[in-house]
Amino acid sequence: MTTENKICFQHGVRDGSPIALGYFAVAFTLGIAAKKAGLSAIQALIASALNNASAGEYAGFALIAAGSTYLETAIMTLVVNARYLLMSCSLSQKLKPDTPLRHRMLIAYDVTDEIFGICIAQPGYLNPWYAYGAIVVAIPGWAFGTFLGVIMGNILPTRVVSALSVGLYGMFLAIIIPPARKNRVIAGVVAIGFAASYLVNRLPLFAGLSTGIKTIALTVALALLAAILFPTDTVNSEGSVN
């Protein structure tokens, strides 16, 4: 490792440490969901180490708990995590054109919202070792947070576990409320999503569909409708349509 790469790696560790602490807290409640889905602590740790994505993992655990098929779980995880494809495309433009494929693949392994944010904010080209520094502390924080969540879920009383599981809903509210407050299109899509989810689960017409199929269909349909009606280049930062 060259001196420049070593410095970049150290800066990545420094900037990634607060992210790791936040991941640990969120992943703890995710471990509660994993426990309720029937996963062991080791299984939950491996799942978090391989899929460092809160929404994707929660969707996966929810589908596992609902008894969904492997195909449903795989498709839903792909749909929920689709935004990382766009982040990866954007982040690839921050790398030098001659960056080896191995570096691109290693960085793509852990493109999360927060790591993408600190990497894309780096001036000039991104040194892969900066991303590695952030990743090397972020993944353990996420994985061991989930691991501990399952263990504590097995130890704590049922009422306490149920109370802690509410933390996941708080996490999702924290994700959707800020952008919804700034953009009426997002707020409308979120509201329609809640209403549609309620109707689909109540109407006899959809009674024969599994929870996984319902979730996948709603996610794709609402995302497609929003993309067609409100392309991003026609919505400004205040949320008004031009």
Side-chain angles (χ1 to χ4, degrees), residues 22-41 43-88 108-116 138-139 141-143 145-147 149-150 153 161-162 164-180 186 189-202 206 209-227:
Y23 280 176
F24 184 86
V26 172
F28 183 88
T29 58
L30 187 65
I32 300 295
K35 186 261 179 186
K36 294 176 69 175
L39 274 70
S40 68
Q43 289 172 329
L45 183 146
I46 294 174
S48 283
L50 298 178
N51 182 27
N52 193 0
S54 56
E57 278 192 66
Y58 179 73
F61 293 155
L63 291 175
I64 291 173
S68 300
T69 65
Y70 289 128
L71 180 60
E72 291 172 354
T73 303
I75 293 175
M76 187 60 209
T77 303
L78 176 63
V79 171
V80 173
N81 290 337
R83 70 185 187 278
Y84 296 126
L85 298 176
L86 301 178
M87 291 184 189
S88 296
Y109 163 63
D110 200 40
V111 178
T112 66
D113 299 334
E114 296 77 13
I115 293 179
F116 169 79
I139 289 180
W142 186 258
T146 310
F147 177 83
V150 175
V161 172
S162 298
L164 288 173
S165 64
V166 176
L168 276 172
Y169 298 100
M171 177 192 69
F172 283 112
L173 289 175
I175 292 174
I176 64 176
I177 288 179
I186 295 177
V189 172
V190 169
I192 294 173
F194 283 140
S197 179
Y198 176 81
L199 291 174
V200 166
N201 284 286
R202 291 291 182 178
F206 303 100
L209 298 178
S210 68
T211 301
I213 292 296
K214 293 176 184 177
T215 306
I216 293 170
L218 278 177
T219 302
V220 174
L222 289 175
L224 180 61
L225 183 63

> Who are the side-chain hydrogen bond (donor to acceptor under 3.5 Å, both in side chains) partners of Ser40, not counting sequence neighbours?
Replying inline: Gln43

> With sequence neighbours left out, what residues match Thr112 under side-chain hydrogen bond (donor to acceptor under 3.5 Å, both in side chains)?
Replying inline: Tyr23

Nearest 0.5 angstrom please: [X] [atom1] to [Y] [atom2], how far?
{"X": "Met76", "Y": "Leu63", "atom1": "CE", "atom2": "CG", "answer": "7.0 Å"}
{"X": "Phe24", "Y": "Thr146", "atom1": "CZ", "atom2": "OG1", "answer": "9.5 Å"}
{"X": "Trp142", "Y": "Glu114", "atom1": "CH2", "atom2": "CD", "answer": "8.0 Å"}

Tell me the closest heavy-atom pair linking [X] and [Y], and the distance in Å.
{"X": "Glu57", "Y": "Asn52", "result": "OE2-CA, 4.2 Å"}
{"X": "Val189", "Y": "Ala226", "result": "CG2-CB, 3.8 Å"}
{"X": "Ala37", "Y": "Ile64", "result": "O-CG2, 3.8 Å"}
{"X": "Ile32", "Y": "Gly149", "result": "CD1-O, 3.4 Å"}
{"X": "Ala143", "Y": "Ala49", "result": "CB-N, 4.1 Å"}

>> Are Asn51 and Asn81 packed together at the side-chain level, in the sense that at least one heavy-atom pair is separated by less than 4.5 angstrom?
In response: yes

> Do Val150 and Leu39 come close enough that some side-chain heavy atom pair is under 4.5 Å?
Replying inline: no

>> So does Gly193 get a backbone contact from the side chain of Ser197, meaning a donor-acceptor N/O pair under 3.5 Å?
In response: no

>> Please check: side-chain N/O of Thr73 versus main-chain N/O of Thr69, any donor-acceptor pairing under 3.5 Å?
In response: yes

> Which residues pass the ring-ring contact (aromatic ring centres under 6.0 Å, His included) test with Phe147, sequence neighbours left out?
Replying inline: none

